[in-house]
Amino acid sequence: MLGSILIRGEMQARIVEVEAYRSDDPACHAFNGRTPRTEIMYGPPGFAYVYFNYGVHWMLNVVCHDAGDPAAVLVRAAVPMEGLDQMRANRGVPRDRDLLSGPGKLAKAFAITGADNGIDLLSGQSNLRLIPPEVATSNIVAGSRIGIAEGKWHDVPWRFIDGDAIAWTSVRR
DNA sequence: TGAGTGATTGACT
DNA sequence: GTCAATCACTCAT
């Protein structure tokens, strides 16, 4: 996931921060079983799981693991590459560093909403796509996930960032 | 049917 | 550093 390129229209960005969630993990939405909301995570990998959080923000996840085994990777931050003007228009912030440096910010910049839930990110037909990296990210740093309540595996080191792009990630720790 | 909760952000002190 | 905004979902009556 790190180093993958997210594309929508003219906009392109390189993913530099992600978090992983899986079925036996209390912080995973699918932890309590199959429900209408988590249905997409039970399908095949490569599809978008988008949900609304805190009544304010949309979050983009990529479904992982095989069908029947719910797991997902939350896309938390990316480095803007193309279509900066579109991102600036969608975000309305003065500094480019703030364009995609957080899951809610990234979703807003890419105009991602619940309407995008279930999109096949690996299909060339989709208007929201994910292109795998040509070169693997070499300097990967792992840490604990952000915003997880105590007792919900908040200490597992399943947050991964590109150590060479820390300035473009979200929370500094 | 209703209360509680949350994978956050940005404005304000 | 603190705090409000605001809604979908889940679980307990």
Side-chain angles (χ1 to χ4, degrees), chain A residues 1-4 6 11 13-43 45-65 69-80 84 86-119 121 128 130 140-162 165-173:
Chain A
M1 285 293 305
L2 285 178
S4 291
L6 188 66
M11 299 184 286
R14 192 179 90 250
I15 295 170
V16 294
E17 177 179 355
V18 298
E19 281 179 5
Y21 295 84
R22 70 183 195 194
S23 62
D24 59 341
D25 159 16
C28 180
H29 288 172
F31 180 69
N32 292 314
R34 198 164 184 154
T35 67
R37 179 172 64 152
T38 60
E39 183 63 28
I40 187 66
M41 275 197 276
Y42 285 79
F47 285 72
Y49 166 47
V50 180
Y51 75 95
F52 200 50
N53 199 20
Y54 290 106
V56 184
H57 305 287
W58 291 101
M59 305 278 153
L60 171 65
N61 297 255
V62 179
V63 175
C64 296
H65 291 193
D69 180 14
V73 167
L74 169 69
V75 180
R76 292 188 54 92
V79 179
L84 282 271
Q86 182 72 60
M87 296 179 195
R88 294 185 186 111
N90 291 343
R91 290 277 293 125
V93 291
R95 302 206 313 283
D96 287 351
R97 285 290 170 87
D98 297 322
L99 248 27
L100 309 171
S101 57
K105 300 175 184 179
L106 181 147
K108 187 166 187 192
F110 274 80
I112 291 168
T113 69
D116 298 307
N117 190 47
I119 283 184
L121 296 167
L128 183 64
L130 193 64
I140 295 178
V141 180
S144 53
R145 297 178 296 184
I146 304 297
I148 306 293
E150 211 164 314
K152 290 195 171 186
W153 290 19
H154 66 288
D155 274 339
V156 296
W158 290 353
R159 172 184 183 227
F160 304 96
I161 67 174
D162 178 342
I166 289 182
W168 299 92
T169 59
S170 58
V171 184
R172 305 281 181 92
R173 272 199 179 177

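Values below: every heavy atom of this structure, side chains too, minus hydrogens, waters and symmetry copies. Predicted, not measured: the structure shown is a model, and the values here were computed from it.
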Within the structure, does a side-chain N or O atom of A/Arg91 lie under 4.0 Å from either OP1 or OP2 of B/dT9? no
May A/Tyr51 be described as stacking on the base of C/dA8, applying a 5.5 Å centroid limit and a 30° limit on plane angle? no
Any non-hydrogen side-chain atom of A/Met11 less than 4.5 Å from a side-chain atom of A/Asn90? yes
So which nucleotide from C/dT10, B/dA7, B/dT8 ends up closest to the side chain of A/Thr38? C/dT10
Under 4.5 Å between any side-chain heavy atoms of A/Ile161 and A/Leu2, yes or no? no
Find the distance A/Tyr49:OH to B/dG6:C1' and express it as a whole number of Å. 11 Å
Does OP1 or OP2 of B/dG10 have a side-chain N or O of A/Lys105 closer than 4.0 Å? yes
For C/dT6, give the paired nucleotide (Watson-Crick: N1-N3 plus N6-O4 or O6-N4; G-U: N1-O2 and O6-N3; both under 3.5 Å), or none. none
Check if the side chain of A/Tyr54 and the base of C/dA5 share a donor-acceptor pair of N or O atoms closer than 3.5 Å. no
Closest of C/dT10, B/dT8, B/dA7 to the A/Tyr21 side chain is B/dA7
Residue A/Pro103, side-chain atoms from C-beta onward, closest of B/dG6, C/dC9, B/dT9: B/dT9
What does B/dA7 pair with, Watson-Crick or G-U, if both distances are under 3.5 Å? none
If the cut-off is 4.0 Å, is A/His29 near the phosphate of B/dA7, judged by side-chain N/O to OP1 or OP2? yes
Can you find a heavy atom in the side chain of A/Glu39 that is under 4.5 Å from one in the side chain of A/Arg34? yes
Under 4.0 Å between a Lys/Arg side-chain N and an Asp/Glu carboxylate O for A/Asp25 and A/Arg22? no
In whole Å, what is the span from the CG atom of A/Asp98 to the P atom of B/dT8? 16 Å
What's the CG-P distance between A/Asp25 and B/dA7, to the nearest Å? 10 Å
Measure CD1/A/Ile148 against C1'/B/dT5 and give the value in whole Å, please. 13 Å
Rounded to whole Å, the CZ-C1' distance (A/Phe31 to C/dT10) equals 14 Å
Send over the distance from A/Met59 CE to B/dG6 P, rounded to a whole Å. 14 Å
Distance-minimising heavy-atom pair for A/Leu100 and A/Ala109: CD2-CB, 3.4 Å
Identify whether any heavy atom of A/Asn32 sits under 4.0 Å from a base atom; if not, whether one sits that close to sugar-phosphate; answer base, sugar-phosphate or nothing. sugar-phosphate
First of A/Gly102 and A/Phe52 reached from the 5' end of DNA chain B, by closest nucleotide: A/Phe52
Send over the distance from A/Leu106 CG to B/dA7 C1', rounded to a whole Å. 14 Å
Rounded distance (Å) that lies between atom P of B/dA7 and atom CZ of A/Arg22: 18 Å
